[in-house]
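This is a predicted model, so every value here is computed, not measured. Indexing begins at 1, ligand by ligand and atom by atom, following the structure's order.
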Amino acid sequence: MEKIPVSEYNIVLGKITDSLDEYIQQAPDSSLFILTDENTYSYCLPLIQKVVQHRKHYIYKIRAGELNKNIHTCMDIWKAMTTAQLDRNSMMINLGGGVIGDIGGFCASTYKRGIDFIQIPTTLLSQVDASIGGKLGIDFESFKNHIGVFNFPIAVLIDPIFLNTLSLRELRSGYAEVIKHCLIADGDHWKELSQITDLRSQDWAAIIRRSLEVKRKIVIADPYEKGIRKLLNFGHTIGHAIESLLLETNSPLLHGEAIAAGMIYESKLSSRYMGLSMKDEEQIIDYIEKIFGAPPVFSIENTIPIMKQDKKNSNGKISFSLLKKIGDSQWDILLDESQLKDLN
Ligand code: NAD
C-alpha cells in the first residue's frame, strides 16, 4: 500500500480491503453511507462488503450515467441521508466513477454543512483524474459541472482491481486523461505510452501511478485553479462543448471520448497559435485516432455558444490550454471566434 499525500489528504494506492479498513477505523462510532450506482452496486460493492459488514452502514444506489449527475439525483441522495439520520460524524463512501465521486462528494459537502467522505474511484478516468483535486458538483441544464464546490475527501483509495469489470469502452474513455497528462507535463513518458495499443493487458497500477502524479503536482501547486491547474483543461474546452452538444442525441459520447476529440482539435490550435511542431501534432492525432478512431462529425460553429459559457473565459474570448510541444503546455490562451474557424 502506497500513501501519496495531496495537501490535506492521502491518495492510497493498493488493496482496497486494507486501505478502507484503516480509514473507517479512524471513525469507529460513526455511520457509513455508501453511494453506488447500479453498476458499482453489482460489481464493486461486493469487494468492500467484508470490510463494512460489521459497521452500521447504509447503501444507496442511483442510476448510472452522466444524465443523472443533476440536482434531482442530489435531492434523492440528501433525502436518503436524512432518512438514514446521518449526523455530522457520519462518513460517506463514494464507490464509483467520476459521476458518483462528483455528485457524492457534492452531497457530502453540503449535507448539514458537510460530512467526511472517502472517494473510492472505480473507473480509470476517476482513478487518474476525477477523484483527485477536490472539484465536486453536478451538471445544470446543458452545462457540465456548472454547480459545485471545491472540497477535499479524507482519502482517495485507488485499487486497479476495480478495472477488471470495466468495459473496454469505459477503460478507453479514462485513457484519454492518461494521454492528456502525458501531453501537458510528462513528455518523457510519451514514447512508451504511445506504444500502447491493447488496453486490456496493461500494468494499470504503474500507469495510474505515473499519470496521477501529473495531476497531483498540479493540484498541490494550484488547488483552486487560479493558474497552472488550468493546464488540465487541455482538450476540455472543445471536448466539453462536443460532449454537451451530443449529450441528448442518439449518439452521446463518454467524457473521455469527447476529450480525445477535443485534444485533436486543440492540438490543431496548438500548432496554429503556440508553435507546436507539425511532427508533434501528427504524432498526437495519429495516436489518438489509433485508440479512439476518427472524431465524431460535428460543426465547430455549433460548439461556440457552449464554449462561450465556459467558466474560464475572459473579455468575451474563449480560454484554452494549449501545447507548446509534447510534455509542455500553457494556460490562459485567449482566442476569439474567428480564430476557431476551419478546424473541421
Ligand atoms: P461514470 O461515473 O459514469 O462511470 C462510467 C460507467 O462505468 C458507469 O456506467 C458506471 O456505472 C460504470 N462503472 C464504474 N465503475 C465500474 C466498474 N468497476 N465496473 C463496471 N462498471 C463500472 O463516468 P467516469 O468516466 O468515471 O467519470 C466521468 C465523470 O467524471 C463526468 O461527470 C466528468 O465531468 C467527471 N470528472 C470530474 C473531474 C473532477 O475533477 N471532479 C475530472 C474529470 C472528470
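Side-chain atoms of S131 and Q119 include no donor-acceptor pair closer than 3.5 Å.
Looking only at side-chain heavy atoms (C-beta outward), I103 and C74 come within less than 4.5 Å of each other.
Enumerated by chain and number, the residues approaching ligand 1 to less than 4.0 Å through a heavy atom are D37, N39, T40, Y43, C44, A64, E66, K69, G97, G98, V99, D102, T122, T123, L125, D129, A130, K135, K144, N145, F162, T165, L166, E170, K215, H255.
Y287 and W190 have their aromatic ring centers within a separation under 6.0 angstrom. Aromatic rings of H255 and H240 (six-membered ring for Trp) have centroids within the 6.0 Å cut-off, being under it. Taking the six-membered ring for Trp and the full ring otherwise, Y9 and F117 have centroids separated by 6.0 Å or more.
Salt-bridge annotation for D102 and K135: absent, with no side-chain N of the basic residue lying under 4.0 Å from a carboxylate O of the acidic one.
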